[in-house]
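Shown next, in structure tokens, is the structure this report addresses.
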Amino acid sequence: MKSVTVSSRGEQRIRGGHPWIYRADVVDVDAGPGDIVAVIGPRRRTIGYALFSDRSQIPIRMLTHGDTPADAALIRERLSRAIRFRDTLALDATAYRLVHGEADLLPSLVVDKYGDYLVVQALSQGTDRLLPEITQMLVELLAPAGILARNDPKVRALEGLEQTVQVLHGHVPDSVVVREGPVSYDVDLHKGQKTGLFLDQRENREAAARYAHGRLLDCFSYHGGFALRLARQCPEAEALDISADAVRRIAENARRNGVPHLQAREVNVFDELRRLEKDGVRYDTIVLDPPAFAKNKASVPNALAGYKEINLRAMRLLNPGGYLVTCSCSYNVNEEMFGEMVVQASIDSHVPVALVEKRMQGRDHPVLVGVPETYYLKCFILRRVE
Ligand code: SAH
């Protein structure tokens with residue numbers, strides 16, 4: 001058996017419930033890239049079994065503890081359990097996440113369902129090596145019409161893995177129609193962001209629909225996620241995105257969903273919010289769902305300045321009684337920092353806001369307790385009090 005010896009700090013970390021060991025806590029390696037290894041403590045005891053990476057800053061991702069072997073039967077059981085859990089959620093959608101990495105005890109593996117098709121991501125050497133077996137298991141468990149590997153995220157480069165998109169099973173068409181609540185989308189699984197859609201916001205779109213009214217502004221709209229859900233109850237609706245392709249998709253989706261009054265504009269949200277404020281335009285519902293501004297710890301101060309800028313402008317654009325749905329998907333900006341930013345934005349804009357709901361990513365993307373890295377999406381619903 002291949003093995004990796006870790007320091008006593010590494011051992012403590014695992015006993016503390018975290019599945020990752022960093023490079024600095026690896027003492028000795030007798031294993032190759034992507035191997036499943038026995039993890040040995042400083043006193044020569046086996047702590048458990050893990051996926052090994054020889055390039056990553058996270059060489060060890062634990063699969064089991066103690067003597068429990070990490071074999072194909074274990075992986076299959078975890079896949080099957082993850083799928084059964086999603087069944088119990090009775091989600092009102094045909095697209096959702098089936099496997100959310102660490103939270104399903106399948107670290108660095110993502111499996112998303114889009115109707116009859118599956119999209120998988122193997123984000124470490126270990127899951128990359130297991131992918132043919134995992135594909136076979138998914139075929140047996142779910143009989144999908146096709147499985148696509150969206151192995152193009154940048155994190156794969158940190159693992160020394162190539163960035164590729166390839167069909168692993170069956171056939172995956174250029175566009176797939178899925179439904180999320182009352183909204184239907186035409187999704188490009190091969191080229192869309194993430195695995196095609198931002199599935200993690202589904203329940204926040206639903207929640208926002210409890211409050212949305214009047215004139216709507218959806219900022220950082222991508223393919224219209226929030227706008228399409230909310231436009232049916234907002235007589236005026238605008239969606240903003242900097243990407244021409246996204247704006248074209250929003251317009252198509254607006255027609256397909258019978259909300260032709262939804263207007264999409266190709267603009268930079270930072271400039272547009274300033275212009276709207278100057279022009280005296282006001283809204284009753286505003287959504288801010290920007291991309292991750294803080295990709296790492298060093299960029300947190302700049303990211304917070306960016307979040308504050310758009311939040312304070314949005315607060316000023318709201319009519320009294322209006323709602324601001326504000327999100328951050330930067331793991332490095334935690335809930336506390338995000339909350340403090342909202343306070344500062346409210347102070348600087350002189351707009352009193354009340355926090356109506358504090359939310360996170362949808363239930364199909366659960367957070368593994370003790371692993372803060374799995375809690376990345378914050379979504380606050382605020383009401384302008386006067
Ligand atoms: N709200 C979407 C997901 C947003 S993803 C949903 O629910 O599906 C972030 C989007 O912000 C991307 O589509 C990206 O093109 C856009 N974006 C990034 N920077 C921007 C900027 N400065 N102005 C406008 N859009 C921007």
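Just so you know, ligand 1 is whichever comes first in the structure, and atom 1 is the first atom listed for that ligand. This chain uses plain numbering: 1 for the first residue, then up along the sequence.
Applying the ring-ring contact (aromatic ring centres under 6.0 Å, His included) criterion to Y375, with sequence neighbours excluded, gives no partner residue. In this structure R13 satisfies the side chain to side chain contact (heavy atoms under 4.5 Å, CB included) test together with H18, W20, Y22, sequence neighbours excluded. Annotation: ring-ring contact (aromatic ring centres under 6.0 Å, His included) contacts of Y283 (sequence neighbours excluded): none.
Judged by distance alone, the side chains of D25 and S7 do bring a donor and an acceptor atom under 3.5 Å apart. Defined by atom type and a distance below 3.5 Å, a donor-acceptor pair is missing between the side-chain atoms of T326 and Y307.
Side-chain contact between K194 and V110: absent, with no pair of heavy atoms (C-beta onward) separated by less than 4.5 Å.
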Please tabulate, line by line, the atom pairs linking an N/O of ligand 1 to a protein N/O at a distance below 3.5 Å, with the distance in Å to 0.1, or answer 'none'.
from     : atom 1 : to   : atom 2 : distance (Å)
ligand 1 : 1 (N)  : F220 : O      : 2.9
ligand 1 : 1 (N)  : D289 : OD2    : 2.7
ligand 1 : 7 (O)  : R205 : NE     : 3.4
ligand 1 : 7 (O)  : R205 : NH2    : 2.8
ligand 1 : 8 (O)  : R205 : NH2    : 3.1
ligand 1 : 13 (O) : D241 : OD1    : 3.4
ligand 1 : 13 (O) : D241 : OD2    : 2.7
ligand 1 : 15 (O) : D241 : OD1    : 2.7
ligand 1 : 22 (N) : N268 : OD1    : 3.0
ligand 1 : 23 (N) : V269 : N      : 2.9
ligand 1 : 25 (N) : I242 : N      : 3.1

